[in-house]
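A single structure is presented below for examination.
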Amino acid sequence: MSGVAIVGVGLSPFGRSSMSGLQQGAVAVRAALEDAGLQWTDIQCAYGGSQDAGNADALANLLGHTGIHFTNIWNGCATGGSAISAAANAIRAGEADIALAVGFDKHPRGAFAAKPSDWGIGDWYGESGLMLTTQFFGMKINRYLHDHALDPSILAQVSRKAYANGAITPHAWRQQTFTEADINQSDMLSYPLRKLMFCSPAEGGAAIILCRSSLAKDFHSTPITLRASVVRGREFGSFEVFSPSLPTARGRSATEIASVAAFEQAGVGPGDIDVAQLQDTEAGAEIIHLAENGFCEHGEQGEWLKQGHTEIGGKLPVNTDGGCIANGEPVGASGLRQVIEVCWQLRGQGGRRQVPCQPRLGYTQVYGAPGISGVNILERAR
Amino acid sequence: MTICIDDSILDITNSGPVLRASRCRACGHDSFPVSERCQRCMAEEIEPLAIVGRAQLWTWTSQDFCPKSPYLECDKKPFESYYVGYLNPLNTSVLIESRLLQPGQPVIGDLYELTTLNLLPENGAVVTTFAYRSIAI
């Protein structure tokens, strides 16, 4: 994907805040503008989304009404992926030279509540005690571990890494480390997944400023080139949340489809990637996504974790800021946090969690229900 | 008084519960609940499919905290953990999500039998839904 670079990133730290969701979005946008040395009046079009905290275009009330086209985006947990992809496409299409992707959210505590009718499902499904995302994640990873002869102990290994990375990330929500024993003693929620293996709904904002690559050096000393930005849906038969039934024949997941398309667009392969952010709604998702994004074979994850490949300093550091597990998931902002962390790593701004040896190529994958995946491949401009 | 949770998905007959599903005449894909069009090939030639009897467990998990409303027993105390899973009814091409009834931890591949489960909401009603009971023991 030629011609688009990231020149400004900004975060309103995830967790709990006294600010409204929109205010957290505005904090993120102002931080991204400062990072790029730009003013709000320089932004020529914007794409943004939020699940529970209002319309993204209402950010203009806080930032200024400048007459730009501000498109509201909604793709579940993949909203951030869709926003950045749309902003990049606006630049590619010649609609703008400088564009904004923003997301923010403010969720109530506890698991997301879902109404069957919103999903085209009869009330009987929720009434029978079947409509819980936690059950879906438990059933998906339980079958995956069975199919690929993986030991459930790898789930605590993934969680331990997430908290360890969060503890050295100043803006992470979860700053406490946990041992694998701590994790395995936390409450079982949906076998084999325990409380400390799940991310929680949270609050926060994230903003990214993109521009035409030819302008990038005007705004930032280390622009990050967007080599690929792809959002894809699923094939019939993929195993998705809130399915009263599934066909016996499995189809390819949205992540498998998006990943292949992104590597093709970027002209690089999984072995070229130096640092990655993979959707870790719970520990099992990171396990599955390692293989679905092509970084290892299905079933190889046990050996990967044993060798420490996904640790900071390993051959493919994954979720260096602690991912969703340590940062929580403000749905609208989550996919953009992933991209921001990879930008910081590629710029060498990772602080205590900095990946060594000057990473050049980074990868992000965000996944949303019911089967949407957004993949970005980023490169430090030479 | 006992009522069926939804008679468009579940028929409680004298010889036992029947799940109302559908089969595509064009491609053979099975859907539950009944689908007006085939979800795989979008054909409109759909015939009813009655799902009864045995099924094989494809995956499972536990529900170890009390679900919020609209779960009919969301106010029942104390909460008792339960199992759910996807099962493949024999001679079908579909996996059905269901409550599981059994004493111990489920095992993928085990055989189950379609049965009913009465849920007892606070209002005193008895609502019958479907479930699968382990026959491995």
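Chain letters run A, B, ... following the sequence lines, proteins first, then strands; residues in each count from 1. Atoms considered below: every heavy atom in the structure, side chains included; atoms not considered: hydrogens, waters and symmetry mates.
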Between Phe136(A) and chain B, with a heavy-atom cut-off of 4.5 Å, which part of the residue counts as in contact: side chain, backbone, both or neither? neither

Between Arg133(B) and Glu113(B), does at least one N-O distance fall below 4.0 Å, as a salt bridge requires? no

Determine the minimum heavy-atom distance between Cys324(A) and Gln279(A), stating which atoms define it. SG-NE2, 4.0 Å

Between Phe242(A) and Trp119(A), how do the two ring planes meet: parallel, tilted or perpendicular, split at 30° and 60°? perpendicular

Can you tell me which portion of Leu130(A) sits under 4.5 Å from chain B's heavy atoms? Options are side chain, backbone, both or neither. both

Could you look at Ser81(B) and say if it's the side chain, the backbone, both or neither that has a heavy atom under 4.5 Å from chain A? neither

Ignoring hydrogens, what is the shortest heavy-atom contact between Asn327(A) and Ala202(A)? Give both atom names and the distance. O-CB, 4.2 Å

For chain A, which of Ile96(B), Leu87(B), Asn88(B), Ile9(B) has the most heavy-atom pairs under 4.5 Å? Ile9(B)

Which members of residues 20-43 of chain B, sorted by number, sit under 4.5 angstrom from chain A on a heavy-atom basis? His29(B), Phe32(B), Pro33(B), Gln39(B), Arg40(B)

Would you say that Leu72(B) contacts Ile5(B) through its side chain, given a criterion of any heavy-atom pair below 4.5 Å between the two side chains? yes

Please work out whether the ring planes of Phe198(A) and Phe137(A) are parallel, tilted or perpendicular, with thresholds of 30° and 60°. perpendicular

What residue in Gly122(A), Gly138(A), Gly126(A) has the most heavy-atom pairs under 4.5 Å with chain B? Gly126(A)

Apply side chain to side chain donor-acceptor pair (under 3.5 Å) to Tyr144(A) and Gln301(A), showing your working. CA-CA 11 Å; Tyr144(A) 190 86; Gln301(A) 293 95 331; 2.8 Å; yes

Parallel, tilted or perpendicular for Phe178(A) and Tyr163(A), by the 30°/60° rule? perpendicular

Checking Phe239(A) against chain B: side chain, backbone, both or neither under 4.5 Å from a heavy atom? side chain

First locate atom OG1 of Thr179(A), then atom CZ of Arg160(A), and finally report the distance between them rounded to the nearest 0.5 Å. 9.5 Å

Region of Tyr83(B) that comes under 4.5 Å of a non-hydrogen atom in chain A: neither

